[in-house]
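In each ligand, atom 1 is the first atom listed, and ligand 1 is the first ligand listed.
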Amino acid sequence: MTKIGINNSSNVVAWRELSAEGQENLVAKLDYDRIILKTINAFAVELITIPSKEKLAWYLAREVVGKLGFVDCVVYLMDDEKKLLRQYAAIGEHKNPASDEIANLLEIPLGEGITGQVAQTKKPLIIDDLEKDDRYISDIEPARSEICVPLLIEDKVVGVIDCEDQRVAYFNEFHMEVLSTVSAMASAKLKLIAQSQAAVMAEEMVRTRDSWLRSIFKNAPIEIVLKDTDGHIIAISDNVPNVMGCDKNDFIGSTTADFLPSHIADVYMAADRRVVETGIPSHQEIKEENDGVTRYSLSEKFPLQDEDGVIVGICSLTTDITDLKRSEDALREAHDSLELQVEKRTCELMEEIDERKRAEEALLNAKEEAEAANLAKSEFLSSMSHELRTPMNAILGFAQLLQHNPKEPLSETQNSSADHILRGGNHLLELIEQVLELSKIEAGHISISVDHTPVRDVIDHSLNLIRERANRDGIEIIDQIGRDDLPLLWTDDTRLTQVLLNLISNAVKYNRKGGTVTLTCQELPDRVLRISVADTGIGISTEKQDNLFKPFERLGLETGMIEGTGIGLTITKKIIELLGGHIGFESEVGKGSTFWVDVLMSEKRDTDIAIVNMATSPGKMIEELDETGSQYTVLYVEDNPDNMELMEVIIGCIGNT
Ligand code: ADP
């Protein structure tokens with residue numbers, strides 16, 4: 001392509017005044033101008049048919065700029081969102097190997113490089129030597145000079161046309177003028193394309209919205225009615241004719257009053273008027289009563305406004321809530337009846353509670369009365385001690401006297417009768433003693449006096465009292481408690497003796513001929529001494545064991561040969577518990593039983609304290625007195641005449657009085 005120097009002021013130079021070379025140059029320039037004019041004309045015509053900005057970009061680069069003698073042209077369009085220029089078409093060596101394809105899809109941020117700056121400043125630029133310009137961003141191959149013009153729509157940059165050349169200072173004013181013309185035409189076309197695209201999109205949007213509206217009208221579960229401000233129906237949802245039982249076409253143009261009874265239509269129309277007058281949406285529950293049928297509806301209305309906010313109609317949404325209302329009513333009724341039931345049940349419960357309280361109180365009173373009666377019984381029995389024992393002693397004493405009076409010896413039959421009196425009397429006396437003892441304990445009339453007590457003393461004392469009976473029954477007593485270094489107990493020795501005596505005497509009583517009774521003791525934690533009495537006797541069956549400590553329980557031995565009262569273990573348990581201890585047992589039928597008592601120990605051992613000997617038995621004292629042969633006086637205090645007489649006879653039998 002020939003480079004042409006242009007001098008605008010030379011247009012009027014006369015042909016004949018030019019040199020041959022000048023004339024040649026002028027002809028060449030005129031030829032070039034014609035090409036430009038033709039190209040731009042063609043462009044102007046073609047522009048009309050170019051449909052899109054992509055096609056415009058390629059047409060610009062290839063057909064327009066290329067034909068104008070530019071060897072390189074890139075068209076950038078603006079991405080407004082990302083604020084960058086993106087290549088849409090590129091013509092030049094290596095820039096588009098295939099048609100409409102760009103080898104290097106350059107994206108240039110606004111303000112960067114020469115193109116970015118032209119887009120930012122909106123001013124065209126010619127750079128004569130790119131090597132001296134550090135703004136230059138090279139494409140595939142670096143160039144030496146560049147011309148860049150913006151594409152503007154109403155002062156807004158929408159892209160740039162950028163041309164480069166390998167020659168230094170190639171581009172001039174003329175190029176700038178041509179490219180600016182092309183840019184202005186392209187910009188105008190871009191504007192038209194944008195407008196038509198917007199129109200297409202708007203049309204599309206209208207169509208889309210129309211189809212949305214149709215879908216809403218078709219599928220909405222509520223009744224939708226659009227009216228103008230005078231209440232004339234413009235559109236209805238598909239379900240309205242079904243609900244109203246009329247044809248769809250009957251509705252359009254009519255008013256509510258045309259298809260609803262006046263008393264119902266009035267309510268809806270009044271609501272319509274309010275919405276038109278105030279512009280405020282309404283929300284109302286309406287009860288429609290027509291021909292004996294009741295329908296409840298929820299009516300919601302809001303104004304339809306044009307772009308300027310002027311009210312042009314009403315949108316009315318109606319939901320049939322008859323079923324909902326009925327369910328609500330049923331629910332309310334159920335709720336009310338439930339509340340009634342709850343109230344009734346609460347009253348019943350309160351009454352039941354009151355009744356239970358009264359029963360509990362009555363039970364408590366009965367228990368207290370029973371306890372008081374029991375206490376009264378115990379008090380009575382304990383106070384009867386003297387009255388019961390005294391005649392019994394007289395009976396036994398006189399019976400013994402009958403048997404042992406050397407002056408009037410009994411016949412064999414009389415002797416045997418006296419034996420019966422004595423056995424029965426003794427048993428009765430034991431029963432009386434034990435009933436009285438139990439009553440005393442229950443009435444709280446027994447006194448406990450605890451002290452340092454040697455174990456050995458209590459054991460020995462108990463054994464002394466039972467040994468004779470054991471020998472008589474052929475029972476061996478094995479004492480394994482030992483004699484040395486035993487702990488001292490913190491207990492009442494008399495009461496503990498009573499406890500052990502009962503356990504040992506039971507072990508002897510309920511043993512078998514030739515059996516044994518073994519005594520052991522064992523120190524347990526917390527200063528407790530366990531004293532055990534094991535026998536080889538009849539044992540106690542598991543079923544009977546629960547009743548063992550109940551008063552008057554003989555566990556099936558009531559009619560047997562072994563005498564007993566069934567109170568011993570009851571008393572024993574109560575006493576050991578009063579002493580702060582416990583009682584327990586293990587037993588197996590046919591093999592024997594082991595009863596044990598846990599007794600509190602003192603802090604001292606028996607080596608720490610002088611052991612006080614037990615009192616000498618009165619029988620022995622009388623023996624000693626007899627040996628002296630001296631005379632003594634006996635003071636006997638008695639209020640019972642029978643006993644006084646008995647004592648006189650006894651003393652009479654002893655003699656020397
Ligand atoms: P009693 O011996 O006067 O009947 P207890 O209260 O001492 O009264 O004993 C209640 C019952 O427990 C006895 O009648 C007897 O059946 C049973 N029992 C007590 N100790 C033993 C024992 N060591 N072996 C077997 N049975 C016993």
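- For Asp451, the salt bridge (charged side-chain N to carboxylate O under 4.0 Å, His left out) test picks out no residue, with sequence neighbours left out.
- Under the 4.0 Å criterion applied to side-chain N and carboxylate O atoms, Asp479 and Arg456 are assigned as salt-bridge partners.
- The closest donor-acceptor contact from the side chain of Thr536 to the backbone of Thr516 lies under 3.5 Å.
- Between Glu371 and Lys367 there is a salt bridge, since a side-chain N of the basic residue sits under 4.0 Å from a carboxylate O of the acidic one.
- For the atom pair Glu339 CD and Thr346 OG1, the distance stands at 10.0 Å (nearest 0.5 Å).
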Measure from every N or O atom of ligand 1 to the protein's N or O atoms and keep only the pairs below 3.5 Å, writing each with atom names and distance to 0.1 Å.
unit_1	atom_1	unit_2	atom_2	d
ligand 1	2 (O)	Asn506	OD1	3.3
ligand 1	2 (O)	Lys509	NZ	3.0
ligand 1	2 (O)	Tyr510	OH	2.7
ligand 1	3 (O)	Thr565	N	2.7
ligand 1	3 (O)	Gly566	N	3.1
ligand 1	4 (O)	Tyr510	OH	3.1
ligand 1	4 (O)	Arg554	NE	2.7
ligand 1	4 (O)	Arg554	NH2	3.4
ligand 1	4 (O)	Gly566	N	3.2
ligand 1	6 (O)	Gly568	N	3.1
ligand 1	6 (O)	Leu569	N	2.7
ligand 1	7 (O)	Asn506	OD1	3.4
ligand 1	7 (O)	Asn506	ND2	2.8
ligand 1	7 (O)	Leu569	N	3.4
ligand 1	8 (O)	Gly566	N	3.2
ligand 1	14 (O)	Tyr510	OH	3.2
ligand 1	14 (O)	Arg554	O	3.4
ligand 1	14 (O)	Arg554	NE	3.3
ligand 1	16 (O)	Arg554	O	2.9
ligand 1	20 (N)	Asn506	ND2	3.4
ligand 1	23 (N)	Asp535	OD2	2.9

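- Between Arg332 and Asp329 a salt bridge is recorded (basic side-chain N to carboxylate O distance below 4.0 Å).
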